[in-house]
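First comes the structure, then the notes that go with it.
Each chain gets a letter, A, B and so on, in the order the sequences are listed, and its residues count up from 1.
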Number of protein chains: 2
Amino acid sequence: MPDRKSPKSPHSTQDNPDEVNRRQALIRASARLFREKGYDATTVRDIAAAVGMRSGSPFYHFKNKQEILKAVMEVGLHQGFDRIVAALSKATTVQARFRALVRTQYGILHDDGSEFIAVLLYDWRSLPTESMQEIIRVKDRYDALWQETLREMLQAGLLGAHTHPHPSSESDEKMARLMVMGAINFTVTWYKQKTEPDQMDLDALADATVRFFMRSSTN
Amino acid sequence: MPDRKSPKSPHSTQDNPDEVNRRQALIRASARLFREKGYDATTVRDIAAAVGMRSGSPFYHFKNKQEILKAVMEVGLHQGFDRIVAALSKATTVQARFRALVRTQYGILHDDGSEFIAVLLYDWRSLPTESMQEIIRVKDRYDALWQETLREMLQAGLLGAHTHPHPSSESDEKMARLMVMGAINFTVTWYKQKTEPDQMDLDALADATVRFFMRSSTN
DNA sequence: CCTACCGATCGGTAGG
DNA sequence: CCTACCGATCGGTAGG
C-alpha cells in the first residue's frame with residue numbers, strides 16, 4: 001500500500017486531487033500575473049506568493065518556469081476550444097454562428113479569470129521551440145472552427161468584397177480568418193473592461209464588431 | 001572655447017554628430033533585438049555588443065534601459081508618421097489613400113530595419129507610465145491620419161456594413177479604425193517575410209487586405 | 001566610451 | 001511543500 005502522504009513523482013499530473021488543485025491554482029495565478037506584467041517580468045516568487053507558497057515550491061509542480069507558461073497556454077486553448085464548440089452548437093444560422101464566435105472570443109480574451117489566451121498572444125516568444133510545436137497543434141484545431149464558419153460567410157456573400165453568394169478559395173478563407181481574428185485578438189492591446197458608464201461592455205463590443213464585418217442579408 | 005573631445009553631458013541629444021550617430025546606432029540595434037527577443041529578454045550587454053561597445057557604455061547615451069525603449073518607440077512613431085504622410089500625399093482618391101495607408105503600414109511593421117513599431121506593439125507594458133503618456137500623444141496624431149481616410153471610406157459606402165453613401169458617427173469611425181488597424185497590426189504575430197516562393201510578399205499582403213476590407217465602387 | 005565592479009535579484013536545487 | 005541556499009546574470013555606477 002503506497003504512502004499517500006509522501007509527495008513523490010513531481011512535475012507530472014497527479015491523481016491526488018490536492019496536487020491537481022495546487023497545480024491548477026498555480027496555473028491560474030500565473031495566467032493573471034503573466035497577463036498583467038508579462039512572462040519575463042513575473043518571477044517565480046510572485047507566482048508562489050500568489051498561491052501562498054514559498055519561492056522554491058512551484059518547482060515541485062513544474063520542472064521549470066517555461067513549463068508553467070506552456071501549461072497556461074494549453075489550458076487556455078482547451079478551455080477556449082470548449083467554449084467555442086458549446087457556443088457554435090447553440091447557433092443554427094451562419095449569421096448566428098458568426099455572432100457566437102465573435103462574442104465567445106471576446107469572453108475568452110477579456111473575461112475575469114480568462115487570461116490564458118491573452119498570455120498566449122503576448123508571450124508566445126518566450127516559449128521554447130518544442131513547446132511551440134505542441135501548442136500549434138491545438139491552436140490549429142481552434143482556428144479550424146473559425147475558418148469553417150468564415151467560409152460559409154464568404155460563400156453566402158456575408159463577409160468581404162462579394163455581396164452575392166460566391167465560391168471562395170482557401171486563401172480567401174485563410175485571409176478572412178487572419179483579418180477577423182486579428183482585429184478581435186488585437187483588442188487585448190487596447191480594450192479595458194471598466195465600470196465607467198460610457199465604456200463598451202463585451203456585448204457592445206461584439207455587436208459593433210459583427211456590424212462592422214457582417215453584411216446584412218438584405219443588402 | 002569648450003573642449004570638443006571631452007564626453008560631457010550624457011543622456012541628452014547632442015550636437016556632436018558622432019554622439020548622435022552612436023545614439024542612433026544603439027536605438028536601431030535595440031529595436032532589432034527587442035523585436036526578436038522582447039525587451040525583458042534583451043540585456044544591455046546584448047545591445048552594447050551589437051554596436052561594438054562594452055556593457056556599461058550604453059548608459060553614457062541613455063539614463064537607463066527604459067529610456068532606450070522609449071527612444072525606440074518615439075523614433076518608430078515619428079518615422080511611421082512621416083511615411084504615412086508621404087504616402088497619403090501621393091494619393092488622390094479615397095481608395096488610393098486607403099491602399100496607401102495599408103501598404104505603408106505593412107512596410108512600417110515588416111520592412112527590414114523597421115522594427116520600431118513592432119516593438120511598440122509588443123513591449124508597450126514595459127514602458128514606465130510617464131513615458132506611456134508621452135508616446136500616446138504622438139500615437140494619437142498617427143491614428144488621426146488613419147481615422148480621416150476611414151471616415152471618408154465609411155461615408156462613401158466603401159467600408160463596413162453600408163454599401164451606399166451614408167453619414168457615419170464618430171464611434172463607427174473609431175471602431176472601423178480599431179478593427180482595420182487591429183487586423184493589420186496583428187500581422188506582427190504571424191507574418192514572416194521569407195524567400196520561399198509561395199510566401200506572400202508585402203505587396204500581396206496589402207492587396208489581399210484591401211480586397212478584404214474595401215468594397216469596389218461598382219457594388 | 002572603457003575598466004572594474006557592486007548590490008540585487010532570479011531561476012532553480014538539495015535535503016528533509 | 002518548506003528551509004536554506006547557490007551560481008549566474010543583470011542593470012547600473014564610479015572614476016578615469
Would you say N185(A) and Q105(A) are linked by a side-chain donor-acceptor pair, where the criterion is simply a distance under 3.5 Å?
yes
Cation-pi check for Y122(B) against R125(A): NZ or CZ below 6.0 Å from the six-membered ring centre and within 45 degrees of the axis, yes or no?
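Satisfied, under 6.0 Å and within 45°.
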Give a yes/no verdict on a cation-pi contact between K70(B) and F62(B), requiring under 6.0 Å between NZ or CZ and the six-membered ring centre and an angle within 45° of the axis.
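Geometry flag: not set, cation outside 6.0 Å or 45°.
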Taking only the side-chain heavy atoms of [X] (C-beta and beyond), determine which of [options] contains the nearest atom.
X      : options                  : value
F59(A) : dC2(D), dG11(C), dT13(D) : dG11(C)
R54(B) : dT3(C), dG12(D), dC1(D)  : dT3(C)
N64(A) : dC2(C), dC1(C), dG12(C)  : dG12(C)
S55(B) : dG12(D), dC1(D), dC2(D)  : dG12(D)

Dot-bracket for DNA chain C, please. Rules: Watson-Crick or G-U, both distances under 3.5 Å, ( ) within the strand, [ ] when a pair crosses earlier ones, | for another strand, . otherwise.
||||||||||||||||
Below 4.0 angstrom, which residues in residues 30-46 of chain A have at least one non-hydrogen atom near DNA chain C?
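T42(A), T43(A), V44(A), R45(A), in order of number.
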Given F98(B), which partner from the list L88(B), T209(B), L150(B) fulfils the side-chain contact (heavy atoms from CB on, under 4.5 Å) test?
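When side-chain contact (heavy atoms from CB on, under 4.5 Å) is applied between F98(B) and each of L88(B), T209(B), L150(B), only L150(B) qualifies.
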Check for a donor-acceptor pair, side chain of D143(A) on one end and backbone N or O of D140(A) on the other, with a separation under 3.5 Å.
no
F212(B) vs F213(A) aromatic rings, parallel, tilted or perpendicular, using cut-offs 30° and 60°?
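It falls in the tilted class, 30° to 60°.
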